[in-house]
Amino acid sequence: RSSAKLVAPLGCLISRQKHTLPDLPYDYAALEPHINAEIMQLHHSKHHATYVNNLNVVEEKYKEALAKGDVTTQVSLQPALRFNGGGHINHTIFWTNLSPNGGGEPKGELMEAIKRDFGSFANFKEKLTAVSVGVQGSGWGWLGYNKEQGRLQIAACANQDPLQGTTGLIPLLGIDVWEHAYYLQYKNVRPDYLKAIWNVINWENVSSRYATCKK
């Protein structure tokens, strides 16, 4: 399933298909030893599935409120739409950002942009790691594209806030730093998880996203 469809606004609620949990493009154990199978199974089949299910429920309630002209209820549902919709968007990107054949460094235009905007790949990696480590509580570290300025930017988002919907940056690479993404394997040592995840970053996917958003 194309993740591009999931980045579309969630506002077209009158005639729509329900959101579904996307299949992973690899087995749950494929990212070991860097992210173990138990984490991947729980993260995908439990956590992401919950965001999808809750999003469908909330959108149904929102559709009813729209039909009734009930603005108070529409407003009250916004936090749940943001949280569950963001969780669905973020995780759908995250799964494709990872690969058992990942790691190393990007090539081509993405690498040139990283060097231009961060000085070197090592500097970029250090900055994104530091931002991700520094997220207080739960959230995400992101590499995004600022279309107006034509450059790459690093940002952090709290909870499940979606990058584009809250900052305007187009998401290229997201690192989930909720504890459910790493605790079973790395306990509370988030830096160890972040060190390991660079070994499974799917640079082909990130490069493809970069090429698409530049068009």
Side-chain angles (χ1 to χ4, degrees), residues 1-32 34-66 73-100 132 135-142 155-167 171 173-188 190 193-194 196-197 200 202 205:
R1 299 179 183 93
S2 171
S3 61
K5 295 177 182 177
L6 301 170
V7 183
L10 299 172
C12 301
L13 306 176
I14 300 303
S15 58
R16 66 165 185 84
Q17 294 182 337
K18 286 187 178 295
H19 301 286
T20 58
L21 181 68
D23 296 328
L24 289 187
Y26 40 77
D27 294 334
Y28 286 135
L31 303 182
E32 290 188 341
H34 310 292
I35 305 177
N36 69 35
E38 185 180 12
I39 286 175
M40 292 300 295
Q41 183 174 11
L42 289 171
H43 199 170
H44 176 257
S45 69
K46 300 296 184 183
H47 290 282
H48 189 174
T50 298
Y51 297 128
V52 171
N53 293 337
N54 288 344
L55 177 59
N56 284 322
V57 170
V58 173
E59 284 195 343
E60 194 62 35
K61 292 179 179 178
Y62 196 88
K63 183 176 73 172
E64 293 173 2
L66 279 173
T73 298
Q74 291 172 44
V75 171
S76 71
L77 290 170
Q78 290 298 318
L81 277 173
R82 178 174 180 148
F83 182 77
N84 293 291
H88 185 29
I89 290 170
N90 293 343
H91 284 88
T92 301
I93 295 169
F94 183 61
W95 307 133
T96 64
N97 279 167
L98 305 178
S99 169
S132 301
V135 171
Q136 294 185 343
S138 301
W140 292 73
W142 289 97
C157 290
N159 300 313
Q160 292 297 351
D161 288 357
L163 182 70
Q164 191 165 4
T166 52
T167 70
L173 169 62
I175 299 179
D176 187 348
V177 291
W178 280 65
E179 283 193 340
H180 64 233
Y182 62 88
Y183 194 87
L184 289 175
Q185 187 171 0
Y186 296 97
K187 301 302 184 275
N188 64 333
R190 185 186 287 177
Y193 158 70
L194 290 166
I197 203 170
V200 290
N202 184 354
N205 179 262

### Query
Who pairs with Arg190 by salt bridge (Lys or Arg N to Asp or Glu O under 4.0 Å), at least two apart in sequence or on another chain?
none

Side-chain touch [X]/[Y], heavy atoms, less than 4.5 angstrom:
| X | Y | answer |
| --- | --- | --- |
| Gln74 | Leu66 | yes |
| Leu42 | His180 | no |
| His43 | Asp176 | yes |

Could you pull out all residues at least two apart from [X] that satisfy side-chain hydrogen bond (donor to acceptor under 3.5 Å, both in side chains)?
| X | value |
| --- | --- |
| Ser76 | none |
| Asn97 | Asn205 |
| Trp142 | none |
| Gln41 | none |

[X] to [Y] - nearest heavy-atom pair and separation:
| X | Y | value |
| --- | --- | --- |
| Asn90 | Pro162 | OD1-CA, 3.6 Å |
| Phe94 | Ile175 | CE1-CA, 4.2 Å |
| Pro22 | His88 | CD-CE1, 4.1 Å |
| Pro171 | Leu163 | CA-CD2, 3.6 Å |
| Asn159 | Trp178 | O-NE1, 3.0 Å |
| Lys187 | Leu184 | NZ-O, 3.4 Å |

### Query
How would you list, by chain and number, every residue that makes a ring pair (Phe, Tyr, Trp, His ring centres under 6.0 Å) with Tyr28, sequence neighbours excluded?
His44

### Query
Got a sec, which residues hit ring pair (Phe, Tyr, Trp, His ring centres under 6.0 Å) with Phe83, two or more places apart in sequence or on another chain?
Tyr51

### Query
Which of these passes side chain to side chain contact (heavy atoms under 4.5 Å, CB included) with His19: Thr92, Asn53, Leu55?
Leu55

Sequence neighbours left out, what passes side-chain contact (heavy atoms from CB on, under 4.5 Å) with [X]? Give chain and number order.
| X | answer |
| --- | --- |
| Ala196 | His34, Tyr186 |
| Tyr26 | Leu24, Ala30, Leu31, Met40, Trp95, Leu98, Pro100 |
| Glu64 | Glu60 |
| Ala29 | Glu32, Ala37 |

### Message
So, taking the atom named CG in Leu194 and the one named OG in Ser132, what distance separates them when rounded to the nearest 0.5 Å?
### Response
5.5 Å

### Query
What do the steps show when you test Thr96 against Asn202 for side-chain contact (heavy atoms from CB on, under 4.5 Å), and what is the final call?
CA-CA 7 Å; Thr96 64; Asn202 184 354; 5.7 Å; no

### Query
Is it the case that more than 12 heavy atoms not belonging to Gln78 sit under 6.0 Å from its CD atom?
yes

### Gln160 backbone acceptor or donor facing Trp140 side chain under 3.5 Å
no

### Query
Just by distance, do the side chain of Thr167 and the backbone of Gln164 share a donor-acceptor pair under 3.5 Å?
no

### Task
Dump the intermediate steps for side-chain contact (heavy atoms from CB on, under 4.5 Å) on Tyr183 and Ile39, then the final yes or no.
CA-CA 8 Å; Tyr183 194 87; Ile39 286 175; over 6 Å; no

### Query
Tell me the salt bridge (Lys or Arg N to Asp or Glu O under 4.0 Å) pairs involving residues 81-97, sequence neighbours left out?
Arg82-Asp161

